[in-house]
Protein chains: 2
Amino acid sequence: MSLCVQPLAGIFFPVIEKKGLGQAYPEGLDRAREEAWRAFITAYAVGIEGIERGLAEAGLPPLGWYDVLLELSVAPGHRLRMHELARAVVLSRSGLTRLVDRLEGAGLLRREPTPEDRRGSFAVLTEEGARMRRRMWPVYARGIAEHFGRHLDDDEVRVLSEALRRVSGARSV
Amino acid sequence: MSLCVQPLAGIFFPVIEKKGLGQAYPEGLDRAREEAWRAFITAYAVGIEGIERGLAEAGLPPLGWYDVLLELSVAPGHRLRMHELARAVVLSRSGLTRLVDRLEGAGLLRREPTPEDRRGSFAVLTEEGARMRRRMWPVYARGIAEHFGRHLDDDEVRVLSEALRRVSGARSV
DNA sequence: TCAATTTAGTTGTGTAAGCAATCACTGTAC
DNA sequence: GTACAGTGATTGCTTACACAACTAAATTGA
């Protein structure tokens, strides 16, 4: 934050520049970090919007579906318990139930009862689901490139990766 | 992306490592950028979730309201046309109509007809709205610090700000 | 001057999210 | 064995968003 110098009673003394908003910063935040945060959420909004538009225009499902399909793709046995999946895609449990409903309705995954705990169930990727993920990837990838990757140089990419992994890794601090 | 070396027919030759997902990268994307993107969206999801939780626990309105209140706070005359506001907060026009409805219902802003164009209307910040924004800020700020700022050193903050401003500035590329 | 087009904002409808309550089952204690 | 607390997932309800259709007003232009 740029300190600015204001005349008062004949002498100059520095005051915190407030944009007229009376904002004070708590421990761990300053003007630079606030601005980084705003750049962060704006870049997210703009990027996601562009990528979703690309998927929609290609007649493909939204990003949330890709996330689920990807998590299942990399999971051992192409299957995850509902709560594991919910955690992986950052969604409430009830939200996930409905999301999985839709994917199941589209034939991209199926539910399977767990042998060891009859309350639980697995979401299991179907062949069609794997195919859909592969079909979505090029469009998604183009979106990432277009709305994100191509604006960054290699050093920035390195810093972003490392820093943001730390941010999300902290999770429930 | 780490090239890996695979034996084939007695000779070694480098292949793109695929995680078994058959992913290929288009122009402008590579493995590092894909990972940065994933770190980016995960950090966003986790951060926003934490901040919204903080606001909710303090009995305050959600982040979307803050955005509107802030834009109006910094706007000349504490007023913006609906479409300007919609653009500023990255929301569809219809979405904004409802959001402004809610804020107006809560007394945080009021609509005012425009003198020069009788189709349009201003959203004008009320004193109560300004007060609410000031009340929300400390909680929001703590959230930013907790879920974002405090995990970053000053160099990272600088890089993030600059890089992400470039990303969102590109807008509709 | 007056129809045709464009623009500003709202409304109808469908979809997706979360919370809280619930159902179904497990594991534990008595 | 049976009650009971805890867990996994679903369901009811509410809220919020987007798209498309609409209303009203401004602008164009013939």
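Every chain is numbered from 1, with letters handed out A, B, ... down the list of sequences. Quick caveat: nothing in here was measured; it's all calculated off a predicted structure.
- Under the rule for a side-chain hydrogen bond (donor to acceptor under 3.5 Å, both in side chains), the partners of A/Asp154 that lie at least two apart in sequence or sit in another chain are B/Arg33.
- Nucleotide C/dG18 holds its P atom 8 Å from the CD atom of B/Glu49, rounded to whole Å.
- Side chain of A/Thr114 to backbone of A/Ser121: no donor-acceptor contact under 3.5 angstrom is found.
- Under the rule for a side-chain contact (heavy atoms from CB on, under 4.5 Å), the partners of B/Ala43 that lie at least two apart in sequence or sit in another chain are A/Phe40, A/Leu164, A/Val167, A/Ser168.
- For B/Glu162, the CD atom sits in a loose shell: 12 or fewer heavy atoms of surrounding residues, nucleotides or ligands are nearer than 6.0 Å.
- The side chain of B/Arg81 approaches C/dA8 more closely than any other nucleotide in the set C/dG18, C/dT11, C/dA8.
- Counted within 6.0 Å of CZ on B/Arg111, heavy atoms from surrounding residues, nucleotides or ligands total more than 12; the atom is thus considered enclosed.
- Within the nucleic acid shown, A/Thr114 has no heavy atom closer than 4.0 Å to any nucleic acid atom.
- Residue B/Arg111 has a polar side-chain atom (N or O) positioned under 4.0 Å from OP1 or OP2 of C/dT10.
- For residues 101-110 of chain B, proximity to DNA chain C is found at no residue, defined as any non-hydrogen atom under 4.0 angstrom from a strand atom.
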N/O contacts under 3.5 Å, protein versus nucleotides 20-26 of chain C?
unit_1: C/dC25; atom_1: O2; unit_2: A/Arg119; atom_2: NH1; d: 3.4

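- Note on residues 61-107 of chain A: pairs passing ring pair (Phe, Tyr, Trp, His ring centres under 6.0 Å), not counting sequence neighbours, are A/Tyr66-A/Tyr140.
- Partners of B/Ser94 by side-chain contact (heavy atoms from CB on, under 4.5 Å), not counting sequence neighbours, listed by chain and number: B/Ser92, B/Arg98.
- One atom, CD of B/Glu84, and another, C1' of C/dG9, lie 14 Å apart when rounded to the nearest Å.
- Remark: nothing in residues 58-66 of chain B comes within less than 4.0 Å of DNA chain C through any heavy atom.
- Among the atoms of the strands shown, none is found under 4.0 Å from any heavy atom of A/Leu96.
- Between the C1' atom of C/dC19 and the CD atom of B/Glu52 lies a distance of 14 Å, rounded to the nearest Å.
- Distances shown here put a side-chain N or O of B/His83 below 4.0 Å from the OP1 or OP2 atom of C/dG9.
- At whole-Å resolution of the value, CE in B/Met82 and P in C/dT7 are 18 Å apart.
- Among residue pairs with one or both ends in residues 54-67 of chain A, those qualifying as salt bridge (charged side-chain N to carboxylate O under 4.0 Å, His left out) are A/Asp67-B/Arg38; sequence neighbours excluded.
- A/Glu52 places a side-chain N or O within 3.5 Å of a backbone atom of A/Leu63 that can act as its donor or acceptor partner.
- Put simply, the side chain of B/Arg79 gets close to the backbone of B/Gly77: a donor and an acceptor are under 3.5 Å apart.
- Applying the side-chain contact (heavy atoms from CB on, under 4.5 Å) rule to A/Ala130 yields the partners A/Leu125, A/Glu127, A/Arg134; only residues at least two apart in sequence or on another chain are considered.
- Legend: residues meeting side-chain contact (heavy atoms from CB on, under 4.5 Å) with A/Ala75, ordered by chain and number and at least two apart, are A/Leu80.
- Partners of B/Glu156 by salt bridge (charged side-chain N to carboxylate O under 4.0 Å, His left out), not counting sequence neighbours, listed by chain and number: A/Arg166.
- Close approach of DNA chain D to chain A, defined as any atom under 4.0 Å from a non-hydrogen atom of the protein, starts and stops at D/dG6 to D/dC13.
- Enclosure of atom CD in B/Glu27 is not indicated, since only 12 or fewer non-hydrogen atoms of other residues, nucleotides or ligands lie within 6.0 angstrom.
- Rounding to whole angstrom units, CG of residue A/Asp67 and P of C/dA16 are separated by 15 Å.
- If you find the closest nucleotide of DNA chain D to A/Phe122 and to A/Arg98, the one lying nearer the 5' end belongs to A/Phe122.
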